[in-house]
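So the structure is just underneath, and the comments pick up after that.
Quick note: numbers below take in every heavy atom, side chains included, and nothing from hydrogens, waters or symmetry partners. Predicted model, so just to flag it, every value in this text is computed and none were measured.
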Amino acid sequence: MAADLRTPAPTVPAESGTAPKPGAPEMGRSMKRIIATALAAASLAAGITTATVTTGAGEAAASERGGHGQSPDRYVLPGDEAGSRFEGIGVDERRGLFYVSEVTGGEIHRGGARDAEGEEWLAGDGTDGRYTARGVTVDRAGNVYIAGGPNGIGNPDRPDLWVYSHDGELLAALRVPGTPDAFLNDVAIGADGAAYFTNSNDPQIFRVAAAGDSWSAELWADASGTIDRVAGFNLGGIVLSADRSAFVVAQGNTGRLWRFATADGVVSEIDTQGADLVNADGLVREGNQLTVLRNFSKMVATMRISADGDAVRRVVQRASDPERVYTTAKMLHGRLLAVDSKFDEQPAPSGPYDVVGSPWA
């Protein structure tokens with residue numbers, strides 16, 4: 001069981017209508033009834049239960065929010081005065097929220113599906129021992145799991161990961177066992193409801209779960225005998241297969257995909273039909289379609305994947321926006337949201353900082 005480091009580490013410096021005419025009240029009331037009837041009929045035909053008329057600035061504001069029930073094309077995140085970089089994203093379908101991690105400082109930002117601007121939800125720069133953050137996911141209860149990347153490397157008093165309730169209460173701040181240099185990259189919720197974190201330094205996956213009022217982290221799978229540790233980022237993106245029998249995991253430095261059986265952690269390589277998946281980062285699975293974001297390659301690969309995650313076919317590659325480095329993405333209310341990391345820029349005041357909706361639709 002990993003030590004619970006809920007005590008925060010010391011903070012260090014961081015970088016209107018027309019009235020009826022007098023004498024004609026019945027005509028005015030009759031006209032109102034005619035208008036009301038027409039509006040009601042139009043509303044029913046359009047499937048609208050309440051009609052709201054906005055003009056001027058109000059209409060512009062509604063448009064910026066993605067008015068008329070639409071979601072905005074981009075969500076603007078706050079950044080640091082010295083510049084920011086971002087990476088992970090998690091979504092809460094029930095509440096219509098998304099969470100984005102900031103690499104530079106470890107802040108966690110939150111936004112709503114129909115709100116054009118996000119906000120800082122959790123402070124960084126040492127808050128709860130967090131100086132950087134990577135992958136994010138959310139479980140059915142709304143608990144938010146955050147991977148710390150290299151947060152704990154060389155700093156044994158700092159956590160490798162955190163768990164927060166949906167209202168921002170710190171539930172756990174943990175070190176993972178068995179390795180001093182864990183680089184926790186991404187996280188997914190398993191069939192058992194626990195959270196599974198990938199390690200980019202070693203071919204390992206750690207399991208985090210609650211038992212009563214306490215939380216623990218354990219080494220769940222170690223594929224050292226099957227997956228070689230090589231220079232660069234090893235295990236990264238992780239998703240659960242459609243039949244929930246396995247995790248599909250990306251190894252970005254080699255461009256390979258791996259299958260970890262949920263029953264026992266047994267590992268096997270997924271045949272990718274020779275597809276170039278170097279720089280594979282975030283993974284998104286919708287039914288039997290798997291999307292692989294290839295960050296610095298500025299490419300997106302989509303493919304058909306078997307229900308058990310054992311095989312892929314029909315791999316299609318397409319270029320993503322050459323001005324952005326997309327790292328991770330998640331589906332929220334049927335729409336893909338992708339993080340523009342700013343990884344190809346030096347940390348500097350170079351906003352706006354975006355999460356992009358339907359970036360390659």
Side-chain angles (χ1 to χ4, degrees), residues 2 4-6 8 65-66 71-72 75 77-78 86-102 106-124 127-130 133-149 151 159-174 184-198 206-217 220 237-240 244 247 262 282-286 328-339 355 357:
D4 190 329
L5 304 177
R6 296 193 191 193
R65 291 192 302 269
S71 297
Y75 302 85
L77 304 176
F86 302 86
E87 184 166 359
I89 184 169
V91 297
D92 186 336
E93 285 277 352
R94 289 180 56 196
R95 297 174 177 84
L97 300 172
F98 63 86
Y99 300 84
V100 178
S101 62
E102 186 171 338
E107 295 87 352
I108 305 299
H109 304 279
R110 184 172 70 177
R114 295 186 179 179
D115 298 323
E117 295 188 5
E119 63 181 1
E120 183 180 292
W121 182 61
L122 299 176
T127 300
D128 299 329
R130 188 176 57 260
R134 298 305 198 272
V136 185
T137 201
V138 183
D139 67 14
R140 292 176 62 86
N143 297 322
V144 181
Y145 299 78
I146 303 165
N151 192 74
D160 294 314
L161 66 95
W162 302 262
V163 186
Y164 291 87
S165 68
H166 67 84
D167 58 6
E169 176 190 359
L170 177 65
L171 302 178
L174 303 172
L184 298 193
N185 188 314
D186 205 359
V187 52
I189 303 301
D192 59 352
Y196 292 79
F197 292 76
T198 57
F206 296 91
R207 180 182 184 273
V208 174
D213 294 330
S214 64
W215 291 76
S216 64
W220 175 74
I238 178 172
V239 292
L240 191 63
R244 304 164 71 84
F247 290 105
T262 54
L283 303 180
V284 183
R285 185 190 58 77
E286 297 176 81
T328 52
K330 291 283 174 62
M331 297 295 300
L332 178 60
H333 293 177
R335 198 163 66 113
L336 190 74
L337 304 184
V339 177
V355 171

Requested in this report: Evaluate the ring planes of Tyr164 and Trp121, with Trp represented by its six-membered ring, and classify them as parallel (under 30°), tilted (30 to 60°) or perpendicular (over 60°).
Outcome: perpendicular
Requested in this report: Would you check, one step at a time, whether the test side chain to side chain donor-acceptor pair (under 3.5 Å) holds for Asp139 with Tyr145?
Outcome: CA-CA 8 Å; Asp139 67 14; Tyr145 299 78; 2.8 Å; yes
Query raised in the report: For Glu102 and His109, what are the C-alpha separation, side-chain angles and deciding distance, and is it a side chain to side chain donor-acceptor pair (under 3.5 Å)?
Result: CA-CA 8 Å; Glu102 186 171 338; His109 304 279; 2.8 Å; yes
**Report entry** Pairwise distance CG(Leu184) to CG(Leu174) - rounded to 0.5 angstrom
**Finding:** 10.0 Å
Query - Shortest non-hydrogen contact from Val91 toward Val138 - result: O-CB, 3.3 Å
Requested in this report: Starting from the C-alpha separation in whole Å, work towards a yes-or-no answer on side-chain contact (heavy atoms from CB on, under 4.5 Å) for Phe98 and Asp92.
Outcome: CA-CA 6 Å; Phe98 63 86; Asp92 186 336; over 6 Å; no
Query - Gap between atom OG1 of Thr328 and atom CD1 of Ile89 - 0.5 Å precision - result: 6.5 Å
**Report entry** For Ser101 against Gly88, the heavy-atom pair lying closest together
**Finding:** OG-N, 2.8 Å
Report summary line: Rounding to 0.5 Å, atoms CG (Leu283) and CG (Asp186) come to a distance of 7.5 Å
Requested in this report: Starting at OG1 of Thr262, measure out to CZ of Phe247 and round the result to the nearest 0.5 Å.
Outcome: 6.5 Å
Report summary line: When every non-hydrogen atom of Ser71 is compared with those of Arg114, the smallest separation belongs to OG-CG, 3.9 Å
Query - Asn151 side-chain N/O to Pro159 backbone N/O, donor-acceptor pair under 3.5 Å - result: yes
Query raised in the report: Listed by chain and number, what are the side-chain contact (heavy atoms from CB on, under 4.5 Å) partners of Arg244, not counting sequence neighbours?
Result: Ala191, Leu240
Query raised in the report: If you take all heavy atoms of Gly129 and Trp162, which pair is closest and at what distance?
Result: O-CZ2, 3.7 Å
Report task. Report the residues that fulfil ring pair (Phe, Tyr, Trp, His ring centres under 6.0 Å) with Phe206, sequence neighbours left out, ordered by chain and then residue number. Result -> none
Query raised in the report: Can you find a pair of side-chain heavy atoms, one from Val144 and one from Val163, that are under 4.5 Å apart?
Result: no
Query raised in the report: Would you find a donor on one side and an acceptor on the other, under 3.5 Å apart, between the side chain of Arg130 and the backbone of Gly106?
Result: yes
Query raised in the report: Quick one: does His333's side chain have a donor or acceptor within less than 3.5 Å of a partner on Glu93's backbone?
Result: yes
Query raised in the report: Between Ala195 and Val187, which heavy-atom pair has the shortest distance, and what is it?
Result: CB-CG2, 3.9 Å
Report summary line: Smallest heavy-atom separation, Tyr99 atom then Val136 atom, equals CB-CG1, 4.0 Å
Query raised in the report: Rounded to the nearest 0.5 Å, how far does CD of Glu107 lie from CZ of Phe86?
Result: 8.0 Å
Query raised in the report: Any side-chain heavy-atom pair from Asn185 and Glu87 closer than 4.5 angstrom?
Result: yes
Query raised in the report: Are Val100 and Ile108 side-chain neighbours, meaning at least one heavy-atom pair lies under 4.5 Å?
Result: no
Query raised in the report: So does Arg94 have more than 12 non-hydrogen atoms from other groups sitting under 6.0 Å from CZ?
Result: no
Query raised in the report: How many angstroms lie between CG in Leu122 and CD1 in Ile146, if you round to the nearest 0.5 Å?
Result: 5.5 Å
Requested in this report: Mark yes or no for whether Asp192, through its side chain, and Ala194, through its backbone, hold a donor-acceptor pair below 3.5 Å.
Outcome: yes
Query raised in the report: Hey, are the side chains of Arg110 and Leu97 touching, using non-hydrogen atoms and a 4.5 Å cut-off?
Result: yes
Requested in this report: Decide yes or no on side-chain contact (heavy atoms from CB on, under 4.5 Å) for Thr137 and Lys330, but give the supporting numbers first.
Outcome: CA-CA 9 Å; Thr137 201; Lys330 291 283 174 62; 4.0 Å; yes
